[in-house]
Amino acid sequence: MSINLAILVSGRGSNMEAILRSIRDGTIKGVVPKVVISNRPNVRALDVARHYNVDTQVIDDNGKKGADWEYDKRIVKCLQERDVRPDNGLVCLAGFMRIMSKEFVQLYRWRVMNIHPSLLPAFPGLNAQRQALEYGVKITGCTVHFIDEGVDTGPIILQEAVEVRDDDDVESLASRILEKEHEIYPRAVRLFAEGRLRIEGRRVRIILN
Ligand code: GRF
């Protein structure tokens, strides 16, 4: 049975594109992109999604952030209309700048992934690359994780390290991290589609094939 995929975005959509590209070129098999949902109108990600012939839907939150089940119900309705269900679906948050409500997390338990530009649990929340630079760490990176009821706290699927260079600014560091994001997010989706992720407490074990 194939997995029905929804990708939630807010802006540029480069991680979304990395996933869609991997599906199109056959690196990821058994995953059908059903819809790309944005909480903001007219963002680049929507154009890219159309370019990949994926249906798009704007569910405008008018800039109102914060976990909100009333808003998330509109997402659930859209997911269900596209047959992205808790038993056959995968929802990828890809630069989606909202916190999901606990009701949503529970409904789609272990079916929602997120990408974060730091080695969690270091530097959760906004501006992770800036946080890493200001803290002075020598190594940072990126993390793909399942979401749980916290912010950037769910079980970790994959991580990749990136060295912080003395001459880095936020932009240069973010762009090297982004390259790694584009590698690990499609890889995590692929592992999920292959049924190779086992969640045991906080740990996600990757089953060898
Ligand atoms: C990425 O850095 C991702 O880690 C963070 O938001 C950014 C989204 O970029 N959650 P894009 O929209 O995927 O290009």
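Counting starts at 1 for both ligands and their atoms, following the listed order.
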Among non-hydrogen protein atoms, atom 11 (P) of ligand 1 lies closest to Ser14 N, 3.4 Å

Those residues at least two apart in sequence (or on a different chain) that pass salt bridge (Lys or Arg N to Asp or Glu O under 4.0 Å) with Asp167 are none

Closest to atom 12 (O) of ligand 1 among protein heavy atoms sits Gly13 N, 2.8 Å

### Query
Donor-acceptor pair, Lys180 side chain versus Ile177 backbone, under 3.5 Å?
no

| said: Testing the 3.5 Å rule here: is there a donor-acceptor pair between the side chains of Ser118 and His116? | reply: yes

Notebook entry, point to check: Are Arg98 and Asp61 ion-paired here, with the side-chain N under 4.0 Å from a carboxylate O?
Noted result: yes

min-distance protein heavy atom vs atom 1 (C) of ligand 1 -> Glu181 OE1, 3.1 Å

For Gly95, the atoms of ligand 1 under 4.0 Å from one of its heavy atoms are 6 (O), 8 (C), 10 (N)

Nearest non-hydrogen protein atom to atom 10 (N) of ligand 1, with distance, is Ile115 O, 3.1 Å

Atom 9 (O) of ligand 1 sits nearest the protein heavy atom Arg12 NH2, 3.1 Å

Those residues at least two apart in sequence (or on a different chain) that pass salt bridge (Lys or Arg N to Asp or Glu O under 4.0 Å) with Arg109 are Glu149

